[in-house]
Amino acid sequence: MLSLGRHWNGVAYRYEPTRSDFDNLPAPPLPESFRRLAAEIAAAADMSLDADIAILNYYDADGRMGLHQDKDESPDSIAAGRPVVSVSLGDTARFLFGGLKRRDPVEAMPLESGDAFVFGGAARLCYHGVSRIVPATAPRELALSGRFNLTFRQF
Ligand SMILES: O=C(O)CCC(=O)C(=O)O
């Protein structure tokens, strides 16, 4: 995992300006081109996002992410329903998207390389996760084994 803009501290479960659980260095800045890309994708879904955080996750063939809510951005951002914009690169993921309660039914969908998925507004706190990676499905020209996922958020 790499955090840009603000560091996600996975021990304390909070965003912070410096990587206190790692090397105490400031989180690298979010490139302006990333901020623009996230805003354009959000706008295509009729939402507004001025991202100040990007989290890059790498999944190998065994990678997965349990069902969870993204609820550690600021209360104002969550209350405004500012979307999370997710961009997938590489191998296809089986992505799960559920409801506001962990036990709500989930929909499973493939997220392929180049797909963007946006959830905001009333869906901002929906549970979601990745149940599996489909190996060897990345476009050949990426010469990539595994999957990168970038999520953009507004703190
Ligand atoms: O990899 C994905 O598609 C989901 C990522 C995710 O749920 C997260 O970063 O909170």
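Just follow the structure's listing: the first ligand is 1, and inside any ligand the first atom is 1. The first residue of the sequence shown is numbered 1, and numbering continues consecutively from there.
- Looking at Asp70 against ligand 1, only its side chain comes within 4.0 Å, counting heavy atoms.
- When each atom of ligand 1 is checked for a heavy atom of Arg153 under 4.0 Å away, the hits are 8 (C), 9 (O), 10 (O).
- Atoms of ligand 1 found under 4.0 Å from any heavy atom of Asn57 (numbered from 1 in listed order, with element): 9 (O).
- No N or O atom of Ser88 sits closer than 3.5 Å to an N or O atom of ligand 1.
- Side-chain contact between Phe152 and Val87 is present, with at least one heavy-atom pair separated by less than 4.5 Å.
- Under a 4.0 Å criterion applied to the non-hydrogen atoms of Arg147, ligand 1 contributes the atoms 1 (O), 2 (C), 3 (O).
- Annotation for Ser131 and Leu96: closest pair CB-CD1, 3.9 Å, computed over non-hydrogen atoms.
- Heavy-atom contacts of Met65 reach the following atoms of ligand 1: 5 (C), 6 (C), 7 (O), 8 (C) (cutoff under 4.0 Å).
- Val85 and Ala42 make their closest contact through CG2-CB, 4.0 Å (heavy atoms, listed as atom of the first residue, atom of the second, distance).
- For His7 and Tyr15, the gap between ring centers reaches or exceeds 6.0 Å.
- Of all atoms in ligand 1, numbered sequentially from 1 with element shown, those under 4.0 Å from a heavy atom of Tyr59 are 1 (O), 2 (C), 4 (C), 5 (C).
- Taking the charged nitrogens against the carboxylate oxygens, Arg124 and Glu73 do have a contact shorter than 4.0 Å, which makes a salt bridge.
- Figure legend: cation-pi geometry between Arg147 and Tyr59, with NZ or CZ positioned under 6.0 Å from the six-membered ring centre and within 45° of its axis.
- For atom 5 (C) of ligand 1, the closest non-hydrogen atom of the protein is Asn149 OD1, 3.4 Å.
- Atoms of ligand 1 lying under 4.0 Å from any heavy atom of His68, numbered from 1 in the order shown and given with element: 6 (C), 7 (O), 8 (C), 10 (O).
- Residues Phe97 and Ala123 share a closest heavy-atom pair of CZ-O, 4.1 Å.
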